[in-house]
Amino acid sequence: MTDFKLSAQLVGHDADVRKVCFPTPDIVFSAARDCTVRAWKQTTNSPPTFEPSVTTQGSEFCNSLAYIPPSSNYPDGLIVSAGTDTIIDVRKATATPSDNAERLLIGHARNVCALAVVPGGQYIVSSSWDKTARVWSLQKWETEAILAGHGEAVWDVLPLDETTIVTASADKNIRIYNLKTSVAGEVEPRSTIYTSEVVRALCQVPPGHPSGADFASASNDGVIRLWKLTGQQVGELRGHESFIYALTTLPSGELVSSGEDRTVRVWRDFDCVQTITHPAISVWTVSACPGTGDIASGASDGVIRIFSRSPERLAGPDTLALFDESVRSSSIPQQQVGGINKEKLPGPEFLKTKSGTKEGQVQMIKEENGSVTAHQWSMGQQQWINVGTVVDAVGSSGRKVEYDGQSYDYVFDVAIEEGQPSLKLPYNLSENPYTRAQKFIDDNELSQNFLDQVAQFIITNTQGATIGQNSGDSGGPDPHQPADNLGTSRARSLPQREYLSITAVKLEPIFKKILSVNSALVAAGRKEFSLNPPAQVALGAARRKLEAGEPVVDEGSISLIVMMCTQWDYSDRLAPLDLLRCVATSPAAARFKSSEFGSPVQIAVCAALDGIPPGGQPNENCAMMTARTIANLFKSTEGRKLLTQPSEGLQAASFIDRVLGIGGQTAIGPFNRNLLIALTTAMVNFAVLASREPGSVSANVQVRFLTALSRILQTQTDGEVLFRALIAAGTLITVIGKTAPEARSLSSSITSSKGRVSEPRVKEVAEECLSLLR
């Protein structure tokens with residue numbers, strides 16, 4: 001069988017392409033870190049060319065993508081995308097950014113990293129960094145089942161048939177679920193395969209594969225493992241030199257993979273039969289077209305590349321030559337290939353006299369000018385292919401890097417959290433790593449907990465070089481002292497002195513949803529609750545204020561938001577509530593009082609808990625927005641003044657009790673991470689208020705918060721939830737005193753939470769809380 005060769009390069013994205021979908025020969029879909037989803041429609045055949053169009057334009061990374069085939073309702077099919085905003089966007093494949101989505105599916109609490117269509121076309125399945133996968137009904141457009149059990153992010157999902165779902169996770173486990181065993185909307189795994197590495201990708205193994213495997217997994221160790229559904233490993237495919245990010249299957253029965261070693265690899269049976277090196281650092285994704293067997297890749301250089309075995313679909317000679325040249329001229333960091341002794345490397349004559357022993361074998365060559373090049377053996381072409389020049393790290397060669405108008409020895413890309421943009425960390429060897437780490441934290445408004453981690457990152461990646469540095473000048477910790485020995489210098493966390501807010505927002509889907517509901521109200525003749533043209537103008541002005549980061553001060557706009565939160569049908573209140581929590585930071589919102597519903601706290605609680613249809617349950621996301629509204633009121637002096645009123649504190653405490661099920665009612669979203677973070681943030685702020693302004697929060701309210709925090713500390717496992725709960729509890733302990741019975745009763749809950757997580761910051765704050773009680 002002939003090798004794949006370049007067919008087309010699709011250029012248009014401005015950042016990493018994280019996912020491609022190649023459902024038919026004439027269309028490719030892509031999702032990227034430039035916050036767009038694009039459709040690429042083929043316009044000519046030989047050589048193939050594609051015309052791009054943007055289908056979705058958001059404000060956060062798009063990381064996952066799936067295509068729902070055409071149906072009678074949607075003859076062009078539907079494109080499903082999601083990413084760091086946690087919202088799954090479903091829209092027509094022919095949509096434009098100005099079109100409304102067909103559906104916005106809300107349920108995940110963190111970055112959605114994988115999407116797939118379940119065979120039969122009745123469901124889609126998603127996975128997230130919130131440690132769950134979800135099955136969504138395409139008839140009801142809501143969560144059908146939650147697949148629980150993983151302890152870390154769920155990287156990938158693989159529906160094998162209409163009832164069998166396989167998941168891959170950062171907890172190093174593969175779990176297999178039978179949807180028929182769903183109980184109360186939750187499915188426990190029928191079996192778990194325990195592995196030794198983080199599992200990043202899955203694909204189905206075609207029938208007839210000599211291993212007899214049902215599916216394949218790919219891991220951080222660069223190994224593809226073949227599995228039976230029974231959990232038996234029946235084979236391994238070795239060849240990748242770093243993380244593997246994606247797997248797919250060709251119509252021929254071959255497997256295809258892509259990864260951090262810049263390659264796409266084709267596997268026949270147990271052997272790698274072709275290695276396609278890219279002029280990029282990471283090849284994030286690969287997809288195969290069922291109709292042609294062509295493959296599409298997406299990489300960190302923002303380019304989608306299509307490869308074909310068919311001569312009539314190959315790119316023109318000039319394009320092929322340019323691609324080969326771009327691979328040859330790409331730079332390979334020396335760290336990526338390990339230590340190299342130039343003096344022992346063969347010269348260019350090696351390439352003419354020696355053959356490789358396997359596909360993808362890499363040989364370093366010392367060129368006549370002293371540079372080192374990397375060459376990869378192609379079994380198909382029976383020759384060595386130049387895949388780049390090995391370069392030193394910037395700092396070690398004395399070359400400077402320009403950043404923000406200044407020159408630095410190093411400029412690192414630092415990913416604080418998966419799915420979030422990398423942050424630039426400039427550094428000169430003359431600086432104290434801790435001083436630079438502190439400035440990086442301050443510039444990017446990061447938690448102080450990252451100080452040691454960032455400083456150690458600098459030290460590790462500069463080999464501890466100290467050119468011209470006098471560490472005593474900084475007044476900071478010794479930059480060469482291991483982080484584990486810096487515990488005594490860690491700043492105490494308690495009592496918390498600053499108020500927190502939750503203001504990150506994606507306004508476009510909020511306003512699209514509001515206008516969609518409004519159109520439905522007008523069509524139904526319910527004009528008393530709809531927005532007339534002047535009201536829509538006022539709402540547009542509020543949006544512009546929020547987009548500019550300015551407070552909404554117009555009472556008329558706030559009144560409109562309150563009307564939507566309280567008068568619209570319960571099922572339509574989430575978007576208005578999201579808007580309410582955005583304007584809650586404004587002094588005008590804190591001063592607002594409804595003659596019918598009262599203060600902003602009372603309005604938000606009413607919106608979340610009143611008006612539920614008979615037999616229905618409170619919407620956990622509405623409850624989350626209410627908790628965020630309460631937390632954000634602390635942003636202004638007027639808001640804090642409002643919350644010192646005893647009735648407001650009691651209202652907030654009663655709401656939190658209701659959500660947690662304290663008092664006998666069923667808890668609302670007992671494991672909804674976003675909801676619990678919102679609740680604990682609100683309680684942190686009440687604790688700060690009580691600490692900074694003695695007497696401002698009644699003793700009764702403080703005791704009720706301690707009871708709620710004890711419940712959270714006893715039942716939750718998420719690090720961020722526990723961290724905030726401990727901060728709130730510890731701050732309240734400093735207010736009511738360690739001898740108070742309510743404070744003493746927290747001891748067992750705090751100790752319990754400390755033993756359920758591995759995060760150092762949680763353990764440290766838990767220990768600090770316990771020390772307050774001694």
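Values in this document were obtained by computation on a predicted structure and should not be read as measured data. Counting from 1, the numbers follow the sequence of the chain as shown.
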(request) Output, in order, the C-alpha distance, side-chain angles, deciding distance and verdict of side chain to side chain donor-acceptor pair (under 3.5 Å) for R175 and T192. (result) CA-CA 4 Å; R175 297 184 188 269; T192 299; 2.9 Å; yes

(request) Start with the C-alpha gap between L746 and I733, add the side-chain angles, then the distance that decides, and say whether side-chain contact (heavy atoms from CB on, under 4.5 Å) holds. (result) CA-CA 9 Å; L746 277 174; I733 290 170; 4.1 Å; yes

(message) Please evaluate residues R711 and I662 with respect to the criterion side-chain contact (heavy atoms from CB on, under 4.5 Å), reporting the C-alpha separation (whole Å), side-chain torsions for both, the decisive distance (0.1 Å), and the verdict.
(response) CA-CA 9 Å; R711 173 72 63 89; I662 297 173; 3.7 Å; yes

(message) Test side-chain contact (heavy atoms from CB on, under 4.5 Å) on M683 and L709; report intermediate values, then the result.
(response) CA-CA 8 Å; M683 288 189 279; L709 290 165; 3.7 Å; yes

(request) Determine, step by step, whether S698 and N700 satisfy the side chain to side chain donor-acceptor pair (under 3.5 Å) criterion, reporting the C-alpha distance in whole Å, the side-chain angles of both residues, the deciding distance to 0.1 Å, and the verdict. (result) CA-CA 5 Å; S698 72; N700 179 32; 5.2 Å; no

(request) Report the C-alpha distance between K131 and D718 in whole Å, list the side-chain angles of each, state the deciding distance to 0.1 Å, and finish with yes or no for side-chain contact (heavy atoms from CB on, under 4.5 Å). (result) CA-CA 10 Å; K131 307 177 187 178; D718 182 85; 4.3 Å; yes

(request) Could you walk me through whether S242 and E260 pass the side chain to side chain donor-acceptor pair (under 3.5 Å) test, one step at a time? (result) CA-CA 6 Å; S242 188; E260 183 70 9; 5.7 Å; no

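Going from atom CD of Q702 over to atom OG1 of T731 covers 11.0 Å, rounded to the nearest 0.5 Å. Expressed to the nearest 0.5 Å, how far CG of N111 lies from OG of S128 amounts to 6.5 Å. Rounding to the nearest 0.5 Å places CH2 of W155 at 8.0 Å from OH of Y245. One finds the CD1 atom of I193 at 7.5 Å from the OG atom of S217 (value rounded to the nearest 0.5 Å). Here L202 contributes atom CG and I165 contributes atom CD1; the two are 11.0 Å apart, rounded to the nearest 0.5 Å. Taken from CG in L706 to CG in L732, the straight-line distance is 5.0 Å, to the nearest 0.5 Å.
Of the charged side-chain nitrogens involved, at least one lies within less than 4.0 Å of a carboxylate oxygen, so that R774 and E767 count as a salt-bridged pair. Ion pairing between E768 and K763 fails under the 4.0 Å rule for side-chain N and carboxylate O. With respect to the salt-bridge test (charged N to carboxylate O, under 4.0 angstrom), the residues D657 and R704 qualify.
What you find for I630 and A682 is that their closest heavy atoms are CG2-CB, 4.2 Å. Minimum heavy-atom separation, A584 to L633: O-CD2, 3.5 Å. Closest approach of L722 and S753 over heavy atoms only: CD2-CB, 4.0 Å. The shortest non-hydrogen separation linking E648 to S599 is OE1-OG, 2.7 Å. Between C35 and S59, the shortest heavy-atom contact is SG-C, 3.6 Å.
A766 is linked by a side-chain contact (heavy atoms from CB on, under 4.5 Å) to L726, I750, K754, counting only residues two or more places apart in sequence or in another chain. A148 pairs by the side-chain contact (heavy atoms from CB on, under 4.5 Å) definition with E186, E188, not counting sequence neighbours. In this view, D578 and R581 satisfy the salt bridge (Lys or Arg N to Asp or Glu O under 4.0 Å) rule, not counting sequence neighbours. In this structure E498 satisfies the side-chain contact (heavy atoms from CB on, under 4.5 Å) test together with Q496, R692, sequence neighbours excluded. Under the rule for a salt bridge (Lys or Arg N to Asp or Glu O under 4.0 Å), D610 has no partner lying at least two apart in sequence or in another chain. Qualifying salt bridge (Lys or Arg N to Asp or Glu O under 4.0 Å) partners for R628, counting only residues two or more places apart in sequence or in other chains: none. Under the side chain to side chain donor-acceptor pair (under 3.5 Å) criterion, Q714 pairs with S710, S749, not counting sequence neighbours. Every side-chain contact (heavy atoms from CB on, under 4.5 Å) that T751 has, sequence neighbours left out, goes to S747, L770. Applying the salt bridge (Lys or Arg N to Asp or Glu O under 4.0 Å) criterion to R497, with sequence neighbours excluded, gives no partner residue.
Within a 6.0 Å radius of NZ in K635, other residues, nucleotides and ligands contribute 12 heavy atoms or fewer.
Looking at F723 and R761, their side chains come closer than 4.5 Å, going by heavy atoms from C-beta outward.
S696 places no side-chain N or O within 3.5 Å of a backbone atom of T644 that could act as its donor or acceptor partner. Side-chain atoms of D171 come within 3.5 Å of backbone atoms of G151 as a donor-acceptor pair (strictly under, hydrogens ignored). A distance-only check finds no donor-acceptor pair linking the side chain of S691 to the backbone of A687 [under 3.5 Å]. Without hydrogens or angle criteria, S169 side chain to A153 main chain gives a donor-acceptor distance under 3.5 Å. Between the T86 side chain and the A109 main chain, no donor and acceptor come within less than 3.5 Å of each other. Distance alone, capped at 3.5 Å, is enough to place a donor-acceptor pair between the T707 side chain and the V703 backbone. In this structure a side-chain-to-backbone donor-acceptor pair under 3.5 Å is present from S127 to V154. For R134 (side chain) and V125 (main-chain N/O), no donor-acceptor pair under 3.5 Å exists by modelled atom type. No side-chain donor-acceptor contact under 3.5 Å links T629 to the backbone of A604. Side-chain atoms of D16 never come within 3.5 Å of backbone atoms of R18 as a donor-acceptor pair (strictly under, hydrogens ignored).
Taking the six-membered ring for Trp and the full ring otherwise, the centers of F686 and F634 sit less than 6.0 Å from each other.
Under a cutoff of 6.0 Å and an axis angle of 45°, R673 and W129 do not form a cation-pi pair.
Partner of S126 under the side chain to side chain contact (heavy atoms under 4.5 Å, CB included) criterion, out of T143, L105, V112: V112 alone.
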Please output the side-chain donor-acceptor pairs of residues 499-507 that fall under 3.5 Å, not counting sequence neighbours, one pair per line with the distance.
from	atom 1	to	atom 2	distance (Å)
K506	NZ	D85	OD2	2.5

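For the side chain to side chain donor-acceptor pair (under 3.5 Å) condition, the pairs that include at least one residue of residues 618-627, sequence neighbours left out, are E620-N672. Listed by first then second residue, pairs satisfying side chain to side chain donor-acceptor pair (under 3.5 Å) with a partner in residues 674-685 read T681-R724, not counting sequence neighbours.
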